[in-house]
Amino acid sequence: MLPLKDTDKPIVQKLLSAGCCARCVLRFCCVSVQAPYRQPPQETLELLRAFIGQKHDGKVQNSSTADDSSHDAAGEPPSKRAKLDPSEAAADSQGHACVCVVCLGVLQGLCGAEQAAKVAEAVREGNYDFDTLLLSVSLPAQLCVREHSCWLHVKKEVRDKGLALTKDDVIQVKEAFKWTMQGLIAKELGGVAVVTKSSFEVGVEFTHPETDSDCHFLGSSCPDCFKPTKNKQSVFTRMAVVKALEKISDASFLELYPCPPTRASSSCVPQDVQCLHASVFVAGRYNKFCRSLPQTPWLIDGERRMESSVEELIAAPVLSVFRADGFNFSSSGREDVDVRTLGNGRPFAMELLNPHRSRFSEVEMKQLQETINKSSDKIRVRDLQIVNR
Ligand SMILES: *[C@@H]1O[C@H](CO)[C@@H](O)[C@H](O)[C@H]1NC(C)=O
Ligand SMILES: *[C@@H]1O[C@H](CO)[C@@H](O)[C@H](O)[C@H]1NC(C)=O
Ligand SMILES: *[C@@H]1O[C@H](CO)[C@@H](O)[C@H](O)[C@H]1NC(C)=O
Ligand SMILES: [Zn+2]
């Protein structure tokens, strides 16, 4: 049973006719319980068809239901509507599911056990220390445009549900994706908790080159929204698109973009899974026993001037043990090559970027310190420990 009411029927009918997938139909019916999203989409589709009174063959069982919704599609002759049969909408002539006009496949074939196994594989390959995991999803900006178009398509019917529902009540693609995937990924990784806050983030990203230019019309409707920024490949970022969609009137939007959205021939393309562990900070004190050792590497015209630096002597072993991608090093006091730092030593701290290992016992930290001490006679480290930011 789907948690739908009679008032959802015209919405379901319209969305299926427009070429929405089963999960997108649930989203636009504002179904906010997670379980229905986890059902196989093909089963949900069957249930949705049965709900609006259609059999597998797509014949309308209860003609009064179909008539109910027909007056919503204003301006279209009944003959044209009759051809937009939901069963045709959701599958091609071979019975393959068509790419959803709203999520562009993200909630179809890209949201299931197979995809979860790929994500889990990428996580295992990284060989990270973690006990919880945050799943983040990055979607192509043009999906917002399709979402908006679809919202305008069913706006009246959604409002007619009786409650004061708005676009914000529509479940986001991201949410529906996570609701479906989190449990599957957790299972693949032997029951790790997938949570909303974690120092370990697993990023899934989708692109859809076929429709990349879909949001370009917004550039003329809201030039202010699309200012070029450094280190961004395109001005059509998701945030800018969302902002432009908030500003554009329904009438202008409908003039410039099809409603409902047009079909796409290809599904979104999943990008490489990105794993990122929050920085870990290590601190300690060092003494150097060599006057000519600089604190940071000296580069002149790209050439290394000194053989080694304090920073490198400490950082290299730490970096390799934490299997981090990079580091930031800072120490207090003067940065003068010729000043020997004696006494208790000069305090330093190091930020380790994306460390694959992050849990160390006191004994292991002592061992690391010893490795540094033994690596050269120019430097000694003490009080080496993991600290917070
Ligand atoms: C068709 O559906 C409507 C409401 O959905 C219902 O009132 C009516 O009794 C149904 N008619 C038949 C023949 O099933
Ligand atoms: C640390 O290093 C990274 C890359 O090397 C850099 O992007 C970041 O701004 C640095 N952070 C600080 C606080 O210096
Ligand atoms: C490293 O050298 C410092 C300074 O001599 C010393 O205090 C510290 O105990 C040494 N640590 C290890 C683990 O060797
Ligand atoms: Zn969809």
Side-chain angles (χ1 to χ4, degrees), residues 11-12 14-31 36-42 44-45 48 86 89-91 96-112 115 137 139-140 142-151 153-154 170-181 206 208 211 260-264 266-268 282-290 310 313-314 317-318 321 340-348 360-385:
I11 308 173
V12 174
K14 265 187 122 167
L15 291 170
L16 288 179
S17 301
C20 284
C21 73
R23 286 179 178 133
C24 282
V25 172
L26 297 177
R27 291 194 305 111
F28 278 93
C29 290
C30 308
V31 171
Y37 294 91
R38 298 201 187 108
Q39 299 305 310
Q42 195 51 41
T44 308
L45 189 61
L48 289 171
H96 295 133
C98 280
V99 177
C100 172
V101 293
V102 188
C103 69
L104 297 173
V106 169
L107 297 178
Q108 296 174 296
L110 299 171
C111 184
Q115 194 67 21
V137 190
L139 300 169
Q142 62 268 33
L143 237 58
C144 302
V145 177
R146 289 182 169 257
E147 187 85 0
H148 193 66
S149 164
C150 196
W151 162 249
H153 188 55
V154 294
V170 172
I171 305 302
Q172 293 185 15
V173 175
K174 262 182 202 186
E175 284 303 303
F177 181 84
K178 287 185 195 172
W179 290 349
T180 312
M181 292 289 279
F206 297 101
H208 195 258
T211 58
T262 52
R263 312 230 167 185
S266 60
S267 201
C268 278
V282 165
R285 290 172 183 274
Y286 74 83
N287 285 106
K288 72 178 185 187
F289 302 102
C290 172
V310 170
L313 287 173
I314 298 175
V318 177
V321 166
R340 277 210 262 175
T341 46
L342 294 168
N344 274 339
R346 185 190 247 180
F348 71 91
F360 290 87
S361 66
E362 248 174 69
V363 172
E364 288 172 312
M365 288 307 283
K366 273 271 180 311
Q367 283 166 355
L368 175 56
Q369 186 172 271
E370 200 179 327
T371 305
I372 300 169
N373 279 358
K374 284 182 175 166
S375 69
S376 94
D377 51 12
K378 295 175 184 164
I379 196 163
R380 291 286 176 276
V381 166
R382 52 190 290 186
D383 302 334
L384 191 69
Q385 57 199 286

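For the single chain, residues carry numbers from 1 onward in sequence order. Note that ligands are numbered from 1 as they come in the structure, with each ligand's atoms numbered from 1 the same way. These numbers come from the heavy atoms of this one structure, side chains and all, not from hydrogens, waters or symmetry mates.
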*Asks:* Tell me the protein heavy atom at minimum distance from atom 4 (C) of ligand 3, and give that distance in Å.
*Replies:* Arg380 CB, 3.5 Å
*Asks:* Going by the atom numbers of ligand 3, which of them fall below 4.0 Å from some non-hydrogen atom of Val381?
*Replies:* 1 (C), 2 (O), 3 (C), 8 (C), 10 (C)
*Asks:* To the nearest 0.5 Å, how far apart are CG in Leu104 and CG in Leu110?
*Replies:* 10.0 Å
*Asks:* Geometry only, no angles: is Gln369 polar-contacting ligand 3 at N/O separations under 3.5 Å?
*Replies:* yes
*Asks:* Starting from atom 13 (C) of ligand 3, find the nearest protein heavy-atom neighbour and note its residue, name and distance.
*Replies:* Lys366 O, 3.4 Å
*Asks:* Where do Ser267 and Gly105 come nearest, in terms of heavy atoms and distance?
*Replies:* OG-CA, 3.5 Å
*Asks:* Considering only protein heavy atoms, which is closest to atom 7 (O) of ligand 3, and at what distance to one decimal place?
*Replies:* Arg382 CB, 4.0 Å
*Asks:* Mind checking side chain to side chain donor-acceptor pair (under 3.5 Å) for Arg38 and listing every partner two or more places apart, or none if nothing turns up?
*Replies:* Gln34
*Asks:* Would you say the side chain of Phe360 lies within less than 4.5 Å of the side chain of Val321, judging by non-hydrogen atoms?
*Replies:* yes
*Asks:* Any side-chain heavy atom of Arg263 within less than 4.5 Å of one from Val99?
*Replies:* no
*Asks:* Which one holds for Ile372 and ligand 3: side chain close, backbone close, both close, or neither close, with close meaning a heavy atom under 4.0 Å?
*Replies:* neither
*Asks:* Minimum heavy-atom separation for Asn373 to Val381, with atom names?
*Replies:* OD1-N, 2.8 Å
*Asks:* Would you say that Leu313 contacts Tyr286 through its side chain, given a criterion of any heavy-atom pair below 4.5 Å between the two side chains?
*Replies:* no
*Asks:* Run the side-chain contact (heavy atoms from CB on, under 4.5 Å) check on Phe177 and Leu139 step by step: do they pass?
*Replies:* CA-CA 11 Å; Phe177 181 84; Leu139 300 169; over 6 Å; no
*Asks:* Please report the number of protein N, O or S atoms that lie less than 2.8 Å from the Zn ion (ligand 4).
*Replies:* 4
*Asks:* Can you check which of Asp383, Leu384, Asn373 brings a heavy atom nearest to atom 12 (C) of ligand 3?
*Replies:* Asn373
*Asks:* What heavy-atom pair brings Ser376 and Arg380 nearest, and what distance separates the two atoms?
*Replies:* O-NH1, 2.9 Å
